[in-house]
Number of protein chains: 2
Amino acid sequence: MFSSTEENYLKAIFNLSVRTKNPVSTNAISQRMNTSAASVTDMLKRLAEKDLINYVKYKGVTLTSTGRKTATMLVRKHRLWEVFLVEQLNFAWDEVHEMAEQLEHIQSEELVNRLDRYLGYPKFDPHGDPIPDANGQFTYRQQVILSELEVGEEAIVVGVKEHSPEFLQFLDRLHLQLGAQVMIQEHFDYDGTMRLKIFPEGEQLVSNKVGQNIYVQKKEK
Amino acid sequence: MFSSTEENYLKAIFNLSVRTKNPVSTNAISQRMNTSAASVTDMLKRLAEKDLINYVKYKGVTLTSTGRKTATMLVRKHRLWEVFLVEQLNFAWDEVHEMAEQLEHIQSEELVNRLDRYLGYPKFDPHGDPIPDANGQFTYRQQVILSELEVGEEAIVVGVKEHSPEFLQFLDRLHLQLGAQVMIQEHFDYDGTMRLKIFPEGEQLVSNKVGQNIYVQKKEK
DNA sequence: GGATTTTTTTAGACTTATCTAAATTTTAAT
DNA sequence: ATTAAAATTTAGATAAGTCTAAAAAAATCC
Ligand SMILES: [Mn+2]
Ligand SMILES: [Mn+2]
Ligand SMILES: [Mn+2]
Ligand SMILES: [Mn+2]
């Protein structure tokens, strides 16, 4: 239906507009995709021609419903393949993104739906990101940034904001994988460093930068 | 490393030269790939430039060792993915080829090797075609064309020569899937039609065309 | 509000992969 | 050994996707 290149642009626009629904700028796409702004402008014209985006010269773009649907299905495929790679083929969570970038372009709705069933209809991928279902519905979850917790609060690690292998490997070292139970023991105002208890046993100093990139779910008290 | 297009040409050349080791003609590739002979000539020059084929103007091409290695790994990926789709995702053997055509271009040696292990190192794909191992070694098998059997001989269906969905679905109807045990009951010289016993119970008339496209392994008597 | 900086678009060029039509080479036939 | 037919290559075009440099529009700054 659409080329891999077109799909990648749609996905970039989707991810750039997923929280704010403001129009996405040419430069934002250009940076995200490591392509020149000129190339982006070219592509935006073509995507608009195909009714995948609403494009107003100099004003940025928004996805049409077709465009959003296509991007959502791409995200679905990407995340389901990541689950497959981690759960079935035992890859580590920092190794799967590049492969999923390729696998997400495999065209077969039947394939992705069967994969979904095979995996037991997972709701979240190995990085804690929600997997849209066959109708494009995301599962929402009550979550906050680890850094925002108060001293004494307990929580469970449910996701990451950064996806770089370096960050993920660092989290492995800190034993802060998904599912880890933590309690804030101390909060240093100097630079935002936190002292964490990691259950059942373990304690770590965690920098503000790390704390800012982890999503947690607060534990009921 | 190489584009999907380049890989598809290498695979076509490989398949066209796998039995005869004669050079492959421009026209043969052109027909196999549904592209004009002019386009093929263009690509052959580029593949020769990259040392993937030996190309002599007007004389056809052969694969270099790099070219053959690349093509073999493509065949490996294609067939392993077909096994995955059939054995794990329960697709029928006539449904998987197009998906495998896409999946074979996913680039990750680690992925294909893990898939191989995950599937239990299968030696043959759902159509009975041999799957090269990580070193590119194919498993050979004693096999003959069904039509060549004599009356009274028993055999097991182990592969197909044709891969079209129509043919494969027809074989399903005839209960002539892989593993089926057959015995030749009668051979009509008029047009080569055969009367088969299909164990444990069942009997079918099978046209010469069908018989020519089925590989069987003779049973020891 | 006019000048300056930033953002975006346009112009022109390049690469890959494809096509049709024409020219050339090889093969087959008389 | 010519000649006709078939196969192959060359020439010239086109579309997708990319780039750099220059022009135009929008945003920012006294
Ligand atoms: Mn990813
Ligand atoms: Mn992910
Ligand atoms: Mn196949
Ligand atoms: Mn096959």
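Note on naming: letters A, B, ... go to the chains in the order of the sequence lines (proteins, then strands), and numbering restarts at 1 for each one. All of these numbers come straight from a predicted model, not from anything done at the bench.
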- Can you find a pair of side-chain heavy atoms, one from B/Leu149 and one from B/Met194, that are under 4.5 Å apart? no

- Do you see a donor-acceptor pair shorter than 3.5 Å between the side chains of B/Asp125 and B/His78? no

- Message: Which residues in residues 33-53 of chain B have a heavy atom closer than 4.0 Å to any atom of DNA chain D?
- Response: B/Ala37, B/Ala38, B/Thr41, B/Lys45

- Interface residues of residues 12-23 of chain A with DNA chain C (non-hydrogen, below 4.0 angstrom): none

- Message: Looking only at side-chain N and O atoms, does B/Arg76 offer a donor or acceptor that is under 3.5 Å from a partner on B/Asn113?
- Response: yes

- Note on the structure: Assert: residue with more 5' nearest nucleotide on DNA chain D, out of A/Tyr9 and A/Lys59, is A/Tyr9

- Query: Do B/Val40 and B/Tyr9 have side-chain heavy atoms sitting under 4.5 Å apart?
  - Reply: yes

- Whole-Å distance separating the NE2 atom of A/His105 from the P atom of D/dG17: 12 Å

- Return no unless some side-chain N or O of A/Tyr55 is found under 4.0 Å from OP1 or OP2 of C/dT8. no

- Message: In this structure, how many angstroms lie between the P atom of C/dT8 and the OH atom of A/Tyr58, rounded?
- Response: 10 Å

- Note on the structure: Quick note, ring-ring contact (aromatic ring centres under 6.0 Å, His included) partners involving residues 124-146 of chain A, not counting sequence neighbours, are A/His127-A/His163

- Beyond-backbone contact of B/Glu82 with B/Ile131, side-chain heavy atoms, under 4.5 angstrom: no

- Message: Check this one for me: any side-chain N or O of B/Lys57 less than 4.0 Å away from OP1 or OP2 of D/dT10?
- Response: yes

- Just checking, is any N or O donor in the side chain of A/Thr193 or A/Asp191 under 3.5 Å from an acceptor N or O on the other one? yes

- Query: Given atom CD1 of A/Ile29 and atom P of C/dT9, what is their separation to the nearest angstrom?
  - Reply: 9 Å

- Residue pair A/Thr66 / A/Asp51, side-chain heavy-atom distance below 4.5 Å: no

- Item | Residue-phosphate contact under 4.0 Å: B/Asn27 side-chain N/O, D/dT8 OP1/OP2 | yes

- Message: Quick check on D/dG17: is either OP1 or OP2 less than 4.0 Å from any side-chain nitrogen or oxygen of A/Ser3?
- Response: yes

- Message: Between A/Arg32 and A/Asn15, is there a side-chain heavy-atom distance shorter than 4.5 Å?
- Response: yes

